[in-house]
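Here the structure is laid out as structure tokens; the discussion comes afterwards.
Counting begins at 1 with the first residue of the sequence. On a predicted model such as this, the values are computed, not experimentally measured, just so you know.
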Amino acid sequence: VANGAIPVAIAVIVAFAAFKRVKVYETFVEGAKEGFDVAVKIIPYLVAVLVAVGMVRGAGLLDLLSSWFGPVLAYVGIPAEDLPMMLVRPLSGSGADGVMVELMKTTGPDSVPATTAAVMSGAADTTFYILAVYFGSVGIERVRHALWAGLLGDLAGLLAAAWITRLLLF
């Protein structure tokens with residue numbers, strides 16, 4: 001059923017549009033053109049996010065922060081090795097995946113830090129990426145409240161992921 005769901009949904013949409021006498025192909029091409037225009041508008045925002053993530057990782061800032069905040073994280077039940085994941089996840093999904101793979105290589109894929117990082121990956125979102133892409137595509141420049149709401153949601157998700165993983169693994 002799953003393999004046929006998407007083709008059936010597309011066929012139903014096309015059939016309904018044809019029934020309503022909508023020019024299906026022309027409408028599709030117009031939508032694709034608008035999508036391309038949006039993609040061109042958001043490229044500068046994407047480049048800025050990727051450069052920021054590269055600078056943070058390249059400068060060794062993540063390792064420095066891990067050594068500073070490790071004891072605090074251990075006190076609240078979060079493996080210190082997961083701090084880079086907590087810092088990178090709101091910036092970049094692929095950067096967070098890289099941190100997670102690095103953790104799996106250094107601590108083992110079944111270790112508490114690696115498992116916690118995997119759960120964190122699904123528990124938080126890429127807030128800065130979302131703000132850059134979606135807000136940038138429609139021209140919203142003042143993201144103050146959305147930024148703090150997104151970061152607070154990320155923090156809640158990351159903490160819950162760490163605590164629930166610890167609860168289930170021990």
Side-chain angles (χ1 to χ4, degrees), residues 31-170:
K33 181 180 167 192
E34 288 176 20
F36 182 76
D37 293 341
V38 169
V40 168
K41 278 200 277 188
I42 64 173
I43 285 174
Y45 299 99
L46 291 175
V47 169
V49 168
L50 293 174
V51 167
V53 169
M55 286 175 27
V56 167
R57 289 192 76 188
L61 183 61
L62 295 178
D63 297 330
L64 181 65
L65 291 174
S66 291
S67 66
W68 286 353
F69 293 110
V72 174
L73 290 174
Y75 181 75
V76 296
I78 300 171
E81 299 90 347
D82 285 321
L83 181 63
M85 179 68 168
M86 295 176 77
L87 295 173
V88 171
R89 183 67 187 158
L91 292 170
S92 165
S94 59
D97 289 345
V99 169
M100 183 174 56
V101 168
E102 215 171 281
L103 256 175
M104 289 179 180
K105 286 180 181 176
T106 58
T107 64
D110 293 332
S111 67
V112 173
T115 304
T116 303
V119 176
M120 284 179 171
S121 183
D125 215 335
T126 54
T127 299
F128 289 98
Y129 176 83
I130 288 170
L131 292 176
V133 171
Y134 297 116
F135 282 49
S137 69
V138 293
I140 297 174
E141 294 176 6
R142 299 176 73 194
V143 296
R144 178 181 55 190
H145 299 297
L147 172 65
W148 290 111
L151 290 176
L152 186 61
D154 287 339
L155 180 63
L158 293 167
L159 292 175
W163 292 333
I164 290 170
T165 303
R166 184 173 272 299
L167 179 72
L168 294 176
L169 290 179
F170 291 110

Is the closest side-chain heavy-atom distance between [X] and [Y] below 4.5 Å?
X: L131; Y: L147; value: yes
X: M120; Y: I78; value: yes
X: V119; Y: I164; value: no

Distance check, rounded to the nearest 0.5 Å: [X] atom [atom1] versus [Y] atom [atom2]?
X: D82; Y: L73; atom1: CG; atom2: CG; result: 8.5 Å
X: F128; Y: F135; atom1: CZ; atom2: CZ; result: 12.5 Å
X: L87; Y: L61; atom1: CG; atom2: CG; result: 7.5 Å
X: D125; Y: R89; atom1: CG; atom2: CZ; result: 6.0 Å

To check you understand the geometry: which heavy-atom pair defines the closest contact between [X] and [Y], and what is its length?
X: T126; Y: S92; result: CG2-C, 3.7 Å
X: L151; Y: P90; result: CD2-CB, 4.0 Å
X: A118; Y: M100; result: CA-SD, 3.3 Å
X: L158; Y: M86; result: CD1-O, 3.7 Å
X: R166; Y: G77; result: NE-O, 2.9 Å
X: A96; Y: M85; result: O-SD, 3.5 Å

Any donor-acceptor N/O pair, T106 side chain to L103 backbone, under 3.5 Å: yes
Examine distances only and state if a side-chain atom of T165 and a backbone atom of A161 form a donor-acceptor pair shorter than 3.5 Å. yes
Please determine whether the number of non-hydrogen atoms from other residues, nucleotides or ligands lying under 6.0 Å from atom CG of D37 exceeds 12. yes
